[in-house]
Amino acid sequence: MNAHFVEGDFDADALVREAVHQALAAAEPAQRLRQQMTGSFEGWFWVEDVAPGLFASACELASPSGAAISQPVERSVMMTFLLDGENGQFVPEGAEPVSSRVDRVHVVGLGERRLCTRLLAAGQGCRRVEIGVRTQFLEANADALSEADLEALDYLMAPGFRSYHLPRSEAMVQMAAMLTEERYHGSLGRLFRESVTVQLMLQTLRQFRDGGEYRAALGARCYDAVMEARHILDGTLLTPPGTIELARQVGLNRNVLQAGFKARFGTTLFGYVRDKRMAMARVMIEEQGFGAAEAGYKVGFASPSAFSAAYRRKFGRAPMSLQRAAVA
């Protein structure tokens with residue numbers, strides 16, 4: 001736009017008129033999003049990355065003679081809205097086949113890259129919408145997503161395979177159906193599809209989080225992950241992983257791991273490692289004959305005074321008293 005618009009010398013009508021000039025000067029060519037299919041499938045489909053790591057697709061396809069399609073699928077969460085018809089079977093490598101249902105929202109979590117196959121019997125066909133969330137989307141939008149959403153996505157992307165059928169929501173079905181219609185094209189169409197896709201994803205996650213099965217599974221999984229985190233820290237006291245890396249190793253959101261660890265052990269991840277380091281220093285002083293300053297430095301304290309103060313808080317007396325007792 002002209003410089004005077006940027007500087008503030010404008011009104012709403014002027015902005016609209018300027019946008020009209022730009023649109024007429026660079027009209028977007030009409031492009032059809034849908035692709036027609038013939039052969040093993042008949043009908044149409046489209047698929048689009050609406051944001052980095054977030055894709056949406058829609059189709060209305062039939063398989064006159066049956067078909068089997070295999071392809072590797074990255075670590076991801078897939079949400080399927082089967083609007084009508086039959087979607088066949090989804091067969092992840094190493095897991096039992098699962099099927100979508102018209103009366104349910106189908107959520108599938110893949111914790112690692114797998115070869116997946118879609119099997120359709122002769123005459124099967126459907127109209128469906130599918131949303132896929134990959135790890136790139138979580139990494140790029142960690143600040144925009146709520147802790148609860150990140151927690152649910154982390155759970156669904158944990159190692160292994162998960163399949164859930166959520167109760168049907170008419171509002172979500174109607175929203176998904178909008179993605180099967182060609183209402184807009186060009187940049188307006190892309191904005192529309194991104195908006196609807198994100199809304200569907202967030203509403204599906206909310207519905208998933210409200211389910212009793214998830215709550216029960218999360219409680220048991222969180223406990224197991226916290227215990228695993230302690231085991232990892234115990235084995236890496238000299239070179240412990242960062243909290244983000246540790247959370248990745250045990251398959252939890254960082255904040256969830258921090259909260260679960262404190263609830264279980266009464267201290268933070270850092271506090272746990274620091275206490276273990278203090279225990280190491282005590283052994284060095286009592287059994288190895290190290291001076292307090294040297295022991296404190298070896299376990300990570302930057303100054304003798306900081307180590308002495310921390311030691312007194314932990315053990316109720318100064319480290320030098322133990323050193324003198326050991327010498328005596």
Side-chain angles (χ1 to χ4, degrees), residues 33 45-59 71-82 90 92 98 100 105-116 118 128-166 169 172 175-176 178-180 184 187-211 214 217-218 221-222 225 242-258:
L33 184 67
F45 81 98
W46 65 260
V47 59
E48 179 181 37
D49 288 323
V50 299
L54 178 67
F55 74 87
S57 68
C59 71
Q71 63 179 11
V73 178
E74 299 299 324
R75 181 180 177 220
S76 58
V77 176
M78 290 175 286
M79 307 169 183
T80 300
F81 303 84
L82 184 59
F90 180 74
V98 293
S100 300
V105 178
H106 191 193
V107 178
V108 163
L110 288 173
E112 54 276 319
R113 191 174 190 264
R114 296 192 186 204
L115 181 67
C116 297
R118 173 73 66 183
R128 79 165 187 264
V129 168
E130 189 166 83
I131 294 171
V133 187
R134 302 188 182 98
T135 54
Q136 303 97 302
F137 184 79
L138 277 68
E139 294 164 359
N141 297 277
D143 294 337
L145 294 170
S146 70
E147 290 296 335
D149 290 334
L150 287 171
E151 179 183 324
L153 288 168
D154 283 340
Y155 170 80
L156 288 165
M157 289 190 190
F161 172 73
R162 293 167 177 79
S163 173
Y164 297 92
H165 289 91
L166 309 182
S169 163
M172 292 170 64
M175 191 182 303
M178 291 192 295
L179 292 176
T180 67
Y184 312 101
S187 59
L188 185 60
R190 288 191 294 274
L191 180 61
F192 173 76
R193 292 187 294 274
E194 179 198 28
S195 176
V196 173
T197 298
V198 171
Q199 284 183 274
L200 276 173
M201 177 196 70
L202 294 177
Q203 290 193 27
T204 300
L205 288 175
R206 188 174 302 115
Q207 191 178 39
F208 174 68
R209 295 197 312 267
D210 290 341
Y214 166 62
L218 183 63
R221 176 175 169 270
C222 185
T243 56
I244 294 175
E245 172 60 21
L246 182 61
R248 188 196 66 78
Q249 289 183 29
V250 301
L252 278 186
N253 173 269
R254 176 183 177 276
N255 290 343
V256 174
L257 175 60
Q258 287 274 31

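When reading the values below, keep in mind they use all heavy atoms of this one structure, side chains included, and skip hydrogens, waters and symmetry mates. Just so it is clear, the structure is predicted and the values come from calculations on it, not from any experiment. All residue numbers in this chain count up from 1 along the given sequence.
Proximity of Val256 to Leu150: side-chain heavy atoms (C-beta onward) are nowhere separated by under 4.5 Å. Counting heavy atoms from C-beta outward, Val107 and Gln207 have side chains that stay 4.5 Å or more apart. Between Asp149 and Arg209 there is a side-chain heavy-atom pair separated by less than 4.5 Å. Taking 4.5 Å as the limit, every side-chain heavy atom of Tyr155 sits out of range of all side-chain heavy atoms of Asn253.
A donor-acceptor contact under 3.5 angstrom links the side chains of Arg254 and Thr243, judged on distance only.
When every heavy atom of Glu74 is checked against every heavy atom of Ser76, the shortest pair comes out as O-OG, 2.9 Å. Closest approach of Trp46 to Ala56, counting heavy atoms only: CZ3-O, 3.3 Å. Nearest heavy-atom pair, Pro92 versus Cys116, reported as atom, atom and distance to 0.1 Å: CA-SG, 3.9 Å. Contact record, Cys59 with Phe45: CB-CB, 3.6 Å, taken as the closest heavy-atom pair. Nearest heavy atoms, Ala225 versus Leu252: CB-CD1, 3.5 Å. Annotation for Gln136 and Gly53: closest pair CB-CA, 4.1 Å, computed over non-hydrogen atoms.
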**Message:** Could you walk me through whether Asp154 and Leu138 satisfy the side-chain contact (heavy atoms from CB on, under 4.5 Å) test, starting with their C-alpha distance in whole Å, then the side-chain angles of each, then the deciding distance to 0.1 Å, before giving a yes or no?
**Reply:** CA-CA 9 Å; Asp154 283 340; Leu138 277 68; 3.5 Å; yes

**Asked** After noting the C-alpha distance and the side-chain angles of Met175 and Phe81, does the key distance pass the side-chain contact (heavy atoms from CB on, under 4.5 Å) rule?
**Response** CA-CA 10 Å; Met175 191 182 303; Phe81 303 84; over 6 Å; no

**Request:** Tell me, with the steps shown, if Leu110 and Phe161 meet side-chain contact (heavy atoms from CB on, under 4.5 Å).
**Result:** CA-CA 5 Å; Leu110 288 173; Phe161 172 73; 3.6 Å; yes

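The residues Arg75 and Glu112 are annotated as not salt-bridged, no charged nitrogen and carboxylate oxygen being separated by less than 4.0 angstrom.
With rounding to the nearest 0.5 angstrom, the CZ atom of Phe208 is 9.0 Å from the CG atom of Leu153. One distance of note links OH of Tyr184 with CG of Leu191; it measures 10.0 Å at 0.5 Å rounding. The distance from the CG atom of Leu257 to the SG atom of Cys222 is 7.5 Å, given to the nearest 0.5 Å. Note that CG of Leu166 and CE of Met172 are 7.0 Å apart. Values are rounded to the nearest 0.5 Å.
Val73 pairs with exactly one of Arg134, Met78, Arg113 by the side-chain contact (heavy atoms from CB on, under 4.5 Å) rule, that one being Met78. Test Glu130, His165, His106 against Thr80 for side-chain hydrogen bond (donor to acceptor under 3.5 Å, both in side chains) and you get one pass: Glu130.
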Distance-only criterion, 3.5 Å: show the donor-acceptor pairs between side-chain atoms of residues 193-203 and protein atoms not counting sequence neighbours.
from, atom 1, to, atom 2, distance (Å)
Arg193, NE, Glu48, OE1, 2.5
Arg193, NH1, Gly189, O, 3.4
Arg193, NH2, Glu48, OE1, 3.3
Arg193, NH2, Glu48, OE2, 3.2
Thr197, OG1, Arg193, O, 2.7

